[in-house]
Colleague: 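Attaching a single structure in structure tokens format; questions to follow.
A note on names: the letters A, B, ... follow the listed sequences, proteins ahead of strands, and every chain is numbered from 1. Keep in mind that what you see is a predicted model, and the values were worked out from it rather than measured.
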Amino acid sequence: MTEPIRLHFEVDGENFASAGAASEAVKMRLKQIGVDPAVVRKVSIAMYEGEINMVIHAKGGRADVAIWPTHVELVLSDDGPGIADIDLAMQEGYSTAPDAIRSLGFGAGMGLPNMKKYSDEMKLESEVGKGTTVTMRINL
Amino acid sequence: MLGDKEFHTVRLDSDRCKGCINCMKRCPTEAIRVRNGKATILYDRCIGCGECIRACAHQAKRAVYDPFDLIHDYEYKVALPAPSLYGQFHNLDDINVVLEGLLKLGFDMVYEVAQGAELISDFTRKYMAGNPKKPVISSACPAVVELILIRFHRLKENLLPVIAPVDVAAKLAREKAVRESGLPPEKIGVFFISPCPAKVFALHRGLGADANLVDGVLAESEVYFRLLDAMKSVKNPRPLAQCGIVGIGWASSGGESAGVLRDNYLAADGVENCISVLEEIEDEKIQDVDFVELNACPGGCVGGVLNIENPFVAKARIQALRKYMPVSKNNLKEVPHEKDFYLWNNDPEIMPVFKLDQNMFVALQKMQKVEELLAGLPRLDCGACGAPSCRAFAEDVVNGLVPESACERREKKG
Ligand SMILES: Nc1ncnc2c1ncn2[C@@H]1O[C@H](COP(=O)(O)OP(=O)(O)O)[C@@H](O)[C@H]1O
Ligand code: SF4
Ligand code: SF4
Ligand SMILES: [Mg+2]
């Protein structure tokens, strides 16, 4: 296979209820391909955290997924406010989420650390005022 | 027929089927296709939830169960009524009237499934204390267990590996019948009165427990009409009932949980709600919950398709019946304490029915083709091709089950 399966999702920043729809769709496909459930779990958690971040911090964005025979590549990009201090953002428990979001159970500051934990490679690129792109690779 | 792997829960009455696609659109596992104007069931995907029976306005989808007259093949007949049965009767204020009615129908002994349920509640409390993988997911609804086995493979290890209340009741009832009748076991017929086809299926095939625990499974709806008559002549019922509030509580959603834990539980009912809860557990979005009770039917077993009464009316009636009952009646002398009595001895297997291919590389290539095909489909999910969604249609085409031309609305190439 020289070309992977490519999937594209627009992640709606206005709609909390639909956050997670893209990771759900990816999970369904990985199950149908017969990917090891433990790996499916890593992909869904990592992707869901990325989706939620775009919804709560960047008013939405895009998710591009490529499924290769050897790995899954997830690219989550947005045109939101960007992250000024990436090292700080990567720390467990660090969050700038407002109280209203926390009361919904989000904003524990574990999203980026979990994305790092559940992926085999992760790259976080961000420019203040321009947006953020997270690229993750998870081996099958 | 018992123990038959080919046993099916739902059957199509072809003459009645109009090919309207209502059932196909409602099936939660996309197990129905309409071919040549008639519905067909992909049985490997069927979980026995009864949604298609609810959806069909033409009574073309039929639940499969055993005929009532089967009881006459046995010298000593035992009835195992499900707790939901008690909610079917108008103006009933005493469960004993139902139990006496069953005896008048020709049964020699009645053993309430609610009794089995109370024993399982006790056992589950002990099991929970042993620090199992959380959340523990109830295995009482066979449609939910089947759903996990076909679609949520990783959650199988969260299932409570305990046999169903009817299995417990069947084992204890048979022992008691042998003792009381002095007859050899083969002369004793044990019959479950079921609220749903899922339980018919589970008992016939064996799900967790052995397949031969009962001799037949009767439909609540069929027994109901016979019972109505029989109950009219019951004047002074004897105190036969052997269960309490905990046991009959299992008839509706939340009842099982209430018998296990005070809090930290979640109870959901209706198959679509069960699916969304399972998705959330799988994604580890549900935390701080120790026990999850899922019932495929709306309202719980009172909502099973073999009931007569509206599930909410039945639930209200059962609540009213509880007023005169003790909390639980587990003072049985024959109460078994060893855990092997309760634990699964027939471990159910995962069934990867949604996999596009057993070989992952081939499955990937098929998925590639599905996505390509899908890009050329109108995404109307109109059902005119006989598949429940454009995606399901594309999968069927890739699996060689239907030609691409079955979709009239696709973009035709070249
Ligand atoms: N896509 C994004 N756009 C802008 N800021 C982000 C984005 N993702 C994360 N951040 C910043 O990084 C912080 C830490 O993110 P995370 O670890 O996911 O925790 P949480 O989302 O719970 O706040 C966020 O509070 C936010 O300030
Ligand atoms: S609902 Fe299904 S079984 Fe009933 S008539 Fe329509 S297609 Fe046939
Ligand atoms: S909820 Fe109860 S009645 Fe409905 S399918 Fe499950 S076990 Fe059967
Ligand atoms: Mg986050």
Colleague: Please set out all donor-acceptor pairs under 3.5 angstrom arising from side-chain atoms of residues 55-63 of chain A, sequence neighbours excluded.
Modeller:
unit_1 : atom_1 : unit_2 : atom_2 : d
R62(A) : NH1    : D79(A) : OD2    : 3.3
R62(A) : NH2    : D79(A) : OD1    : 3.3

Colleague: Name the member of R391(B), H153(B), R151(B) that forms the most heavy-atom pairs with chain A at distances under 4.5 Å.
Modeller: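 Most heavy-atom pairs within the cutoff with chain A belong to R391(B).
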
Colleague: Can you name the residues that form a ring-ring contact (aromatic ring centres under 6.0 Å, His included) with Y127(B), not counting sequence neighbours?
Modeller: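 For Y127(B), no residue satisfies ring-ring contact (aromatic ring centres under 6.0 Å, His included) once neighbours in sequence are set aside.
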
Colleague: In terms of heavy-atom contacts, does NZ of K355(B) have more than 12 from other residues, nucleotides or ligands at under 6.0 Å?
Modeller: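 Counting neighbours around NZ of K355(B), more than 12 heavy atoms of other residues, nucleotides or ligands fall under 6.0 Å, so yes.
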
Colleague: Other residues, nucleotides and ligands only: do more than 12 of their heavy atoms fall within 6.0 Å of NZ on K116(A)?
Modeller: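 No, not enclosed.
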
Colleague: Under 3.5 Å, which donor-acceptor pairs link side chains of residues 81-92 of chain A to any protein atom two or more places apart or in another chain?
Modeller:
unit_1 : atom_1 : unit_2 : atom_2 : d
D85(A) : OD1    : D87(A) : N      : 3.2
D85(A) : OD1    : L88(A) : N      : 3.1

Colleague: Within a strict 4.5 Å, meaning less than it, do heavy atoms of the K31(A) and R154(B) side chains meet?
Modeller: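 No, side chains not in contact.
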
Colleague: Look up atom CD in E3(A) and atom CD in Q365(B), then write down how far apart they are to the nearest 0.5 Å.
Modeller: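 The CD atom of E3(A) sits 13.0 Å away from the CD atom of Q365(B).
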
Colleague: Checking an interface table here. Which of residues 281-289 of chain B come within a heavy-atom distance under 4.5 Å of chain A?
Modeller: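 The list, in residue order, reads E282(B), D283(B), E284(B), K285(B).
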
Colleague: Heavy-atom cut-off 4.5 Å, strictly under: side chain, backbone, both or neither for I33(A) against chain B?
Modeller: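 I33(A) touches chain B through backbone and side-chain heavy atoms alike.
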
Colleague: Please rank G34(A), S23(A), A38(A) by heavy-atom pairs under 4.5 Å with chain B and give me the top one.
Modeller: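 Of the options given, most contacts go to G34(A).
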
Colleague: Which answer fits E279(B), side chain, backbone, both or neither, if we ask what part of it has an atom under 4.5 Å from a heavy atom of chain A?
Modeller: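 Both backbone and side chain.
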
Colleague: Just so I know, are the side chains of M360(B) and L140(A) near enough to count as touching, which here means a heavy-atom distance under 4.5 Å?
Modeller: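 Yes, side chains in contact.
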
Colleague: Might you confirm whether atom CD of E408(B) has over 12 heavy atoms from other residues, nucleotides or ligands at distances under 6.0 Å?
Modeller: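 Not buried by this count: 12 neighbours or fewer within 6.0 Å.
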
Colleague: Please flag which part of Q358(B) lies under 4.5 Å from any non-hydrogen atom of chain A: side chain, backbone, both or neither.
Modeller: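 For Q358(B), there is no contact with chain A at all, as no heavy atom is under 4.5 Å.
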
Colleague: Below 4.5 Å, heavy-atom pairs only: which of N359(B), L356(B), D357(B) has the largest tally toward chain A?
Modeller: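 Heavy-atom pair counts peak at L356(B).
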
Colleague: Out of curiosity, M367(B) CE to L30(A) CG, how far, rounded to the nearest 0.5 Å?
Modeller: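 Result: 8.0 Å between the selected atoms.
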
Colleague: Would you say CZ of R35(B) has more than 12 non-hydrogen atoms from neighbouring residues, nucleotides or ligands within 6.0 angstrom?
Modeller: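 Atom CZ in R35(B) is crowded, with more than 12 foreign heavy atoms closer than 6.0 Å.
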
